[in-house]
Q: 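What follows is a structure written as structure tokens; I'll ask about it next.
The shown structure was predicted, so the numbers you read here are calculated from the model rather than taken from an experiment. Letters A, B, ... mirror the listed sequences (proteins, then strands); counts begin at 1.
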Amino acid sequence: MVRDRGCGEIRESDTGAGISLAGWVFRRRDHGGLIFVDLRDRSGLVQVVFSPEVSEEAHERAHDLRAEFVIHVSGEVRRRPEGTENPGLPTGMVELYVRTLTLLNESAPLPFPMEEAAEASEFLRLKYRYLDLRRPELQHNLITRHKAAKVIRDYFDEHGFIDIETPMLTKSTPEGARDYLVPSRVNPGQFYALPQSPQLFKQILMVAGLERYFQIVRCFRDEDLRADRQPEFTQVDLEMSFADREEIMALTEGMMQRLFRDVLGVDIEIPIPRLSYKESMERFGNDKPDLRFGLELKEMADLARGGSFKVFLDALESGGRVKAINGKGMAGLSRKELDVLTEEAKAFGAKGLAWIKVKNGFESPIAKFFPEGVLRQMAERLGTDEEDLMLFVADREMVVHDVLSRLRLEFGTRLDLIKPEFRFLWVVDFPLVEWDEEESRFQAMHHPFTSPADGDLEKLLALDLSSAGPSGAHRSLFTDVKAKAYDIVLNGHEIGGGSIRIHRRDVQKKMFELLGISEEDAKLKFGFLLDALEFGAPPHGGIALGLDRLLMLMVGASSIRDVIAFPKTQKAVCLMSGAPSAVEPKQLRELFIRTLDIGG
RNA sequence: GGGGUGGUAGUUCAGCUGGUUAGAACGCCGGCCUGUCACGCCGGAGGUCGCGGGUUCGAGCCCCGUCCACCCCGCCA
């Protein structure tokens with residue numbers, strides 16, 4: 001069986017040629033005397049014609065063809081008769097007149113129509129993933145993914161990086177996400193963890209003198225799923241020695257530029273703009289702002305003090321904040337719609353939402369608490385026009401930012417402000433640690449191996465950790481310490497993050513102290529890294545990029561499931577293979593594992 | 001763990017205030033058709049209304065529970 005080329009590659013220049021094709025029957029139009037079949041393979045579609053004048057036998061047997069039958073055909077390419085060309089197809093000028101037809105395989109009727117697979121339920125699409133993947137759209141996504149991976153490998157290769165594999169069966173670590181565990185048969189009662197990332201190994205590779213490491217690597221996190229989160233996902237992971245923050249950021253920018261140019265033909269301007277964590281929080285309310293539209297958060301504390309609205313004044317009194325955004329052109333919202341908005345704000349933790357319509361002056365239940373001049377200043381600061389809606393949140397800083405950033409995103413979508421473009425951003429100068437209310441201790445904002453900023457290193461080493469108790473009296477001394485960490489953000493999605501690492505044993509020790517990790521615990525969990533730091537660890541740093549998210553954005557998908565060949569459902573189930581599943585008692589016995597009936 | 005949306009024919013959906021035999025389109029099966037490209041025309045088959053319980057003379061519709069998919073919060077970098 002010979003296939004001369006792809007279905008989608010046939011052109012007018014092939015007219016007269018004898019050609020063999022193989023593929024799937026996409027659509028069949030049976031006119032009785034003449035049968036048209038749209039034959040599809042990875043390369044595209046071409047119309048093949050079964051005519052009794054060319055082959056009585058082939059025409060006869062073509063009656064029985066059905067959707068997704070696999071066939072091989074050979075015959076002659078002819079230009080389509082005048083007036084029957086299909087300009088909608090790249091192959092639309094020609095058609096293949098079939099002389100011989102070979103049925104390679106039949107297909108059962110499909111569980112969902114191939115053409116409307118995008119509208120089929122996600123359940124069916126995932127259960128019959130091989131059918132979903134036959135669609136050009138998903139094939140395009142996977143092909144784009146392949147191209148991206150190749151460009152990335154070439155880029156890092158050209159920059160002296162070495163692709164090194166790190167273990168999949170590794171050691172469970174306490175920080176960060178929940179681990180997927182793998183029992184060890186030969187070590188009863190003991191478990192490996194699947195890597196959340198190769199973090200420790202790549203640092204050790206730096207100690208080992210490999211200088212530049214990279215890997216496109218699968219990572220695992222046993223946490224709840226989202227549209228942009230799967231239990232297993234892929235990172236572009238890299239680490240380099242003797243590099244500062246600027247070098248790693250520049251290297252990453254170069255990669256992005258090359259990636260978007262070579263794969264999408266899109267020019268990305270570098271250097272990518274930067275925001276400090278603080279500025280990002282102040283202007284957008286989060287650390288991964290979507291810069292494709294405005295509606296920035298504005299400080300209102302000073303103006304709030306110029307009025308007598310108690311909710312605002314109380315919030316400020318108790319150390320909170322008052323900020324606002326401009327709901328562009330939304331003054332037309334009804335009382336009921338505003339109530340819905342308020343409910344949403346409450347769902348995000350706010351006690352309420354205050355609004356002022358800019359409409360024939362100022363329309364609002366709270367307008368009476370403010371002098372006309374103050375209202376005008378508010379409007380001016382928010383850049384309002386007639387028919388705009390000022391929305392205020394007064395609360396603890398965290399709540400104010402959280403609520404307003406979510407409202408901002410919702411308005412961006414609702415008002416259709418989001419332009420179809422790629423807006424990259426670096427967020428830098430993160431705090432080294434943040435206070436975890438629940439556990440009443442500091443948590444590493446990035447991870448525990450992140451180096452403090454140069455100016456803050458001595459500050460940190462000098463800090464008396466005993467003063468950081470739950471009272472929080474000196475907490476800001478600690479949260480003021482900046483980290484040499486950086487996140488790269490694209491269109492409101494965090495697509496990567498990295499840092500310069502701690503390479504000094506004493507600094508790492510202090511960091512563990514700060515995080516409330518005891519000397520013994522640290523030895524137990526990260527001993528091998530700590531040991532390695534004793535033996536001439538070079539300064540080093542790196543970054544990890546989420547390949548799935550990056551691709552999702554590149555191909556314009558709304559979920560990373562659309563750029564992963566075999567993704568899992570929100571309950572972490574593979575509907576196609578049926579994983580996870582129960583195993584034979586024998587397997588469990590070998591592993592010395594007994595399962596508990598919970599709740600039953 | 002929590003909030004939301006959905007689940008009715010193979011598929012996508014409609015189904016009124018609880019009331020006769022649960023419908024449409026596509027697909028499927030049979031027949032006709034030589035220029036279609038979502039081909040067309042005629043005919044036919046196809047339903048555990050996700051599952052379990054309850055209320056009622058009567059439940060696709062109301063109530064309780066439960067399962068599945070998706071979106072979100074918590075969680076996760």
Q: Between A:E337 and A:S334 (side chain of the first, backbone of the second, donor and acceptor by atom type, cut-off under 3.5 Å), is there such a pair?
A: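 Yes.
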Q: Looking only at side-chain N and O atoms, does A:R29 come under 4.0 Å of OP1 or OP2 in B:rC39?
A: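 For A:R29, the contact criterion (side-chain N or O under 4.0 Å from OP1 or OP2 of B:rC39) is met.
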Q: Would you mind classifying the nucleic acid contact of A:T84 as base, sugar-phosphate or nothing, using non-hydrogen atoms under 4.0 angstrom?
A: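 Base contact.
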Q: Mark yes or no for a side-chain to base donor-acceptor pair under 3.5 Å between A:R27 and B:rU36, with no hydrogen or angle criteria applied.
A: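 Answer no: no donor N or O sits under 3.5 Å from an acceptor.
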Q: Is the A:Y213-A:F201 ring centre distance short of 6.0 angstrom?
A: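 No, the ring of A:Y213 stays outside the 6.0 Å limit from the ring of A:F201, centre to centre.
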Q: Does A:R28 make a cation-pi contact with A:F69 (under 6.0 Å, within 45 degrees of the axis)?
A: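 Geometry flag: not set, cation outside 6.0 Å or 45°.
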Q: How are the rings of A:Y128 and A:Y130 set to each other: parallel, tilted or perpendicular (split at 30° and 60°)?
A: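 The rings of A:Y128 and A:Y130 stand perpendicular, inter-plane angle above 60°.
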Q: Would you say A:T252's side chain and A:I248's backbone share a donor-acceptor pair under 3.5 angstrom?
A: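 Side chain of A:T252 to backbone of A:I248: a pair is present.
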Q: Using the P atoms only, state how far B:rG74 lies from B:rG2, rounded to an integer number of Å.
A: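 Rounded to whole Å, the distance is 16 Å.
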Q: Answer with base, sugar-phosphate or nothing: what part of the nucleic acid does A:E85 contact at a heavy-atom distance below 4.0 Å?
A: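 Counting heavy atoms under 4.0 Å across all strands, the contact made by A:E85 includes a base.
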Q: Under 6.0 Å between the ring centres of A:F512 and A:F526?
A: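 Ring centroids of A:F512 and A:F526 are less than 6.0 Å from each other.
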Q: Looking at the base of B:rC37, is there any donor atom on it, or on the side chain of A:D38, that sits under 3.5 Å from an acceptor on the other one?
A: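 Answer is no: no donor-acceptor pair is held.
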Q: Within the 4.0 Å heavy-atom criterion, would you say A:R221 contacts the bases, only the backbone, or no part of the nucleic acid?
A: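 A:R221: backbone/sugar contact only, no base atoms under 4.0 Å.
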Q: For B:rU8 and B:rC41, measure between their C1' atoms and round to the nearest Å.
A: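 30 Å, rounded to whole Å.
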Q: So what does A:Q47 hit on the nucleic acid, given a heavy-atom distance under 4.0 Å: a base, only sugar-phosphate, or nothing?
A: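 Base contact - A:Q47 has a heavy atom under 4.0 Å of at least one base atom.
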Q: Base, sugar-phosphate or nothing for A:P81? Non-hydrogen atoms, less than 4.0 Å.
A: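 Here A:P81 touches the bases of the nucleic acid.
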Q: According to the Watson-Crick and G-U wobble definitions, with both distances under 3.5 Å, which nucleotide is paired to B:rC26?
A: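 Pairing partner, where one exists within any strand: B:rG10.
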Q: Would you classify A:L124 as touching base, sugar-phosphate or nothing, given that sugar-phosphate means primed atoms plus P, OP1 and OP2, and contacts are heavy atoms under 4.0 Å?
A: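 Sugar-phosphate only.
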Q: Check salt bridge (Lys or Arg N to Asp or Glu O under 4.0 Å) between A:R42 and all other residues, then give those that pass, not counting sequence neighbours.
A: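 Scan of A:R42 (salt bridge (Lys or Arg N to Asp or Glu O under 4.0 Å), adjacent residues dropped) gives none.
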Q: Just checking A:G88: base, sugar-phosphate only, or nothing, at a heavy-atom cut-off of under 4.0 Å?
A: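 Counting heavy atoms under 4.0 Å across all strands, no contact is made by A:G88.
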Q: Starting the side chain at C-beta, find the nucleotide from B:rU11, B:rC68, B:rG1 nearest to A:F112.
A: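 The answer is B:rU11, which lies nearest to the side chain.
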Q: Could you tell me whether A:F36 contacts a base, only the sugar-phosphate backbone, or nothing, with contacts defined as non-hydrogen atoms closer than 4.0 Å?
A: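 Touches a base.
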Q: Classify every nucleotide of nucleotides 23-34 of chain B by which part a protein heavy atom approaches to under 4.0 Å, writing B for the base, S for the sugar-phosphate alone and - for neither, in 5'-to-3' order.
A: ------SS--BB
Q: State which residue, out of A:V77, A:N86, A:L89, fulfils the side chain to side chain contact (heavy atoms under 4.5 Å, CB included) condition with A:V94.
A: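 One option only clears the test, and that one is A:V77.
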Q: Could you work out the separation of B:rG65 and B:rU21 based on their P atoms and round it to a whole Å?
A: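 Taking atom P in both B:rG65 and B:rU21, they lie 32 Å apart.
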Q: Using a heavy-atom cut-off of under 4.0 Å over every strand shown, decide if A:E95 touches base, sugar-phosphate, or nothing.
A: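 Since a base atom lies under 4.0 Å of A:E95, the category is base.
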Q: Can you sort out which residues in residues 395-408 of chain A have a heavy atom within less than 4.0 Å of RNA chain B? Ascending by number, please.
A: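 Residues of residues 395-408 of chain A that come under 4.0 Å of RNA chain B are, in numerical order, A:R406.
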Q: Can a side chain N or O of A:K571 be found less than 4.0 Å away from OP1 or OP2 on B:rC68?
A: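 It does, given that an N or O in the side chain of A:K571 lies less than 4.0 Å from OP1 or OP2 of B:rC68.
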Q: Could you check which nucleotide pairs with B:rG19 in any of the strands shown, counting Watson-Crick or G-U wobble with both distances under 3.5 Å?
A: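 With both distances under 3.5 Å, B:rG19 matches B:rC57.
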Q: Let's see if you can work this out: which of B:rU36, B:rC71, B:rC75 has an atom nearest to the side-chain heavy atoms of A:R561?
A: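 From the listed options, B:rC71 comes nearest.
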Q: Any side-chain heavy atom of A:L515 sitting closer than 4.5 Å to one from A:M511?
A: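 Yes; the side chains approach each other to less than 4.5 Å.
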Q: Base of B:rU11, side chain of A:E119 - is there a donor-acceptor contact under 3.5 Å?
A: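 By the distance-only test, no, there is no pair.
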Q: Between A:S280 and A:D287, does any side-chain donor sit less than 3.5 Å from a side-chain acceptor?
A: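 Distance-only check fails for A:S280 and A:D287.
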